[in-house]
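Here, residue 1 is the first one in the sequence, and each next residue gets the next number. Just follow the structure's listing: the first ligand is 1, and inside any ligand the first atom is 1.
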Amino acid sequence: MELQALMFDVDGTLADTERDGHRQALYGELLEVTGGKERIRFFCDRHAPEFLRQADAEARIKELHAAKTRHYVALCAQGIPLRPGVEALLREARAAGLRLAIATTTTPENVTALLPAELMALFATVGAGDTVASKKPAPDIYQWVLAQLDLPAAACLAIEDSANGLKAALAAGLATVITPTDYTRDHDFAGALAVLPDLGRVAVPLLRRWHEIAYASDKK
Ligand code: XBP
Ligand code: MG
């Protein structure tokens with residue numbers, strides 16, 4: 001089956017938002033846990049477990065996460081640059097007839113804050129945040145996006161930055177290209193199709209070739 005779609009992770013892949021955005025609201029060590037609300041709960045569990053025993057703990061976590069999101073959206077408004085090669089690849093992929101999708105743990109609001117409307121329009125579907133019950137490394141968000149695209153995993157490639165993202169994509173049956181960030185450089189990327197410094201030297205013909213190799217066994 002030929003390559004028909006690319007599925008992009010957001011934070012760390014489209015832009016180094018963990019360094020330029022989320023980190024300024026959260027601490028790097030917490031990035032091992034995906035999901036802002038889940039990360040706050042994890043921090044409380046480690047450092048203030050008594051807080052979680054309060055009746056209004058969940059409501060206060062939601063409030064804190066909403067405040068953090070406001071800070072992040074404000075940082076996006078100042079402009080968080082996309083990583084090298086991302087915009088060019090998005091445009092080239094669309095011009096080559098590939099469909100684009102987003103599969104992210106962050107909120108839909110954070111995606112539209114990061115990407116200008118013109119780039120958002122390139123995506124056929126956006127799977128984000130609480131769309132699914134289980135966040136990465138669970139495969140749910142990738143499975144949801146595949147269903148929206150009405151495509152089998154074998155017709156797609158996933159592009160990620162972290163071990164949690166790789167686990168999620170592999171569990172959904174997706175061959176995955178990794179472009180690590182400073183926060184994920186030391187992660188275990190076993191099973192990745194390729195690990196690259198960024199997308200700066202990646203063009204569609206190369207992705208088509210890697211896709212053929214990745215799914216060659218499917219053709220037997
Ligand atoms: C990475 C995440 C997100 C962000 C923070 O998302 O785990 O939770 O760190 O965003 P991706 P929220 O799957 O794109 O790498 O606070 O909105 O969750
Ligand atoms: Mg990521």
Side-chain angles (χ1 to χ4, degrees), residues 6-44 58 60-76 80 82-83 86 90 100-115 119-120 123 125-146 157-172 174 176-189 192 195-199:
L6 300 177
M7 302 163 78
F8 285 84
D9 164 61
V10 173
D11 295 297
T13 302
L14 292 184
D16 202 341
T17 54
E18 306 298 8
R19 180 197 63 203
D20 300 341
H22 299 300
R23 177 182 58 87
Q24 296 183 36
L26 292 174
Y27 293 100
E29 60 169 304
L30 297 176
L31 287 178
E32 294 300 310
V33 175
T34 63
K37 295 190 289 293
E38 292 78 358
R39 204 167 286 142
I40 293 169
R41 209 169 288 124
F42 173 78
F43 179 86
C44 293
E58 282 309 311
R60 291 174 66 186
I61 286 172
K62 280 204 176 81
E63 273 168 38
L64 179 58
H65 185 248
K68 173 263 175 185
T69 299
R70 285 193 295 276
H71 284 293
Y72 173 73
V73 169
L75 286 167
C76 285
I80 293 181
L82 297 184
R83 291 190 66 188
V86 166
L90 294 176
L100 301 179
I102 279 178
T104 177
T105 304
T106 193
T107 56
E109 175 185 18
N110 283 354
V111 179
T112 50
L114 174 68
L115 297 177
L119 290 186
M120 278 303 298
F123 291 91
T125 188
V126 176
D130 296 329
T131 304
V132 292
S134 303
K135 292 189 167 82
K136 300 174 185 176
D140 301 41
I141 196 67
Y142 277 107
Q143 290 166 336
W144 184 89
V145 170
L146 283 169
L157 285 178
I159 300 173
E160 271 282 359
D161 73 298
S162 68
N164 278 329
L166 175 61
K167 284 179 195 146
L170 291 178
L174 287 155
T176 306
V177 173
I178 292 288
T179 55
T181 66
D182 293 343
Y183 280 107
T184 63
R185 202 163 304 294
D186 300 332
H187 284 195
D188 176 4
F189 294 125
V195 180
L196 308 169
D198 56 47
L199 293 173

Donor-acceptor under 3.5 Å ([X] side chain, [Y] main chain):
X: T104; Y: I102; answer: no
X: R83; Y: G12; answer: yes
X: T13; Y: F8; answer: no

Does the residue [X] have a heavy-atom contact with ligand 1, meaning some pair of atoms that are separated by less than 4.0 Å?
X: H65; result: yes
X: K37; result: no
X: G35; result: yes

Could you list the atoms of ligand 1 found under 4.0 angstrom from a heavy atom of [X]?
X: T107; result: 17 (O)
X: V10; result: 14 (O)
X: N110; result: 17 (O)
X: T104; result: 6 (O), 11 (P), 13 (O), 14 (O)
X: K68; result: 5 (C), 10 (O), 12 (P), 16 (O)
X: T105; result: 2 (C), 6 (O), 7 (O), 8 (O), 11 (P), 13 (O), 14 (O), 18 (O)

Between R41 and E58, does at least one N-O distance fall below 4.0 Å, as a salt bridge requires? yes
Check this for me: does any side-chain nitrogen of one of R39 and E32 sit under 4.0 Å from a carboxylate oxygen of the other? no
Counting heavy atoms only, name the option from [options] that's nearest to [atom].
atom: atom 6 (O) of ligand 1; options: I141, D9, D11; value: D11
atom: atom 7 (O) of ligand 1; options: K136, R39, E32, E18; value: R39
atom: atom 18 (O) of ligand 1; options: S162, A113, G36; value: G36

Holding to side-chain contact (heavy atoms from CB on, under 4.5 Å), I want the full list of residues that pass it with [X], two or more places apart in sequence or in another chain.
X: T184; answer: D161, S162, P180, T181, H187, F189
X: A113; answer: V73, C76
X: K167; answer: P137, N164

Is ligand 1 under 4.0 Å from a heavy atom in the side chain of T106, in the backbone, in both, or in neither?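 It is both parts that get close, each with some atom under 4.0 Å.
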Begin from the C-alpha positions of I141 and K136 and carry the test side chain to side chain contact (heavy atoms under 4.5 Å, CB included) through to its verdict. CA-CA 7 Å; I141 196 67; K136 300 174 185 176; 3.9 Å; yes
Might you point out which heavy atoms bring I80 and L75 nearest each other, and give the distance in Å? CG1-O, 3.9 Å
For M120 and T112, what are the C-alpha separation, side-chain angles and deciding distance, and is it a side chain to side chain contact (heavy atoms under 4.5 Å, CB included)? CA-CA 7 Å; M120 278 303 298; T112 50; 3.9 Å; yes
Under 3.5 Å between any N/O of T69 and any N/O of ligand 1: does that happen in this structure? no
Could you give me a count of protein N/O/S atoms that are under 2.8 Å from the Mg ion (ligand 2)? 3
Can you check side chain to side chain contact (heavy atoms under 4.5 Å, CB included) on L114 and V10, steps first, answer last? CA-CA 9 Å; L114 174 68; V10 173; 3.7 Å; yes
May I have the step-by-step check of side chain to side chain contact (heavy atoms under 4.5 Å, CB included) for H65 and T107, ending in yes or no? CA-CA 11 Å; H65 185 248; T107 56; 3.9 Å; yes
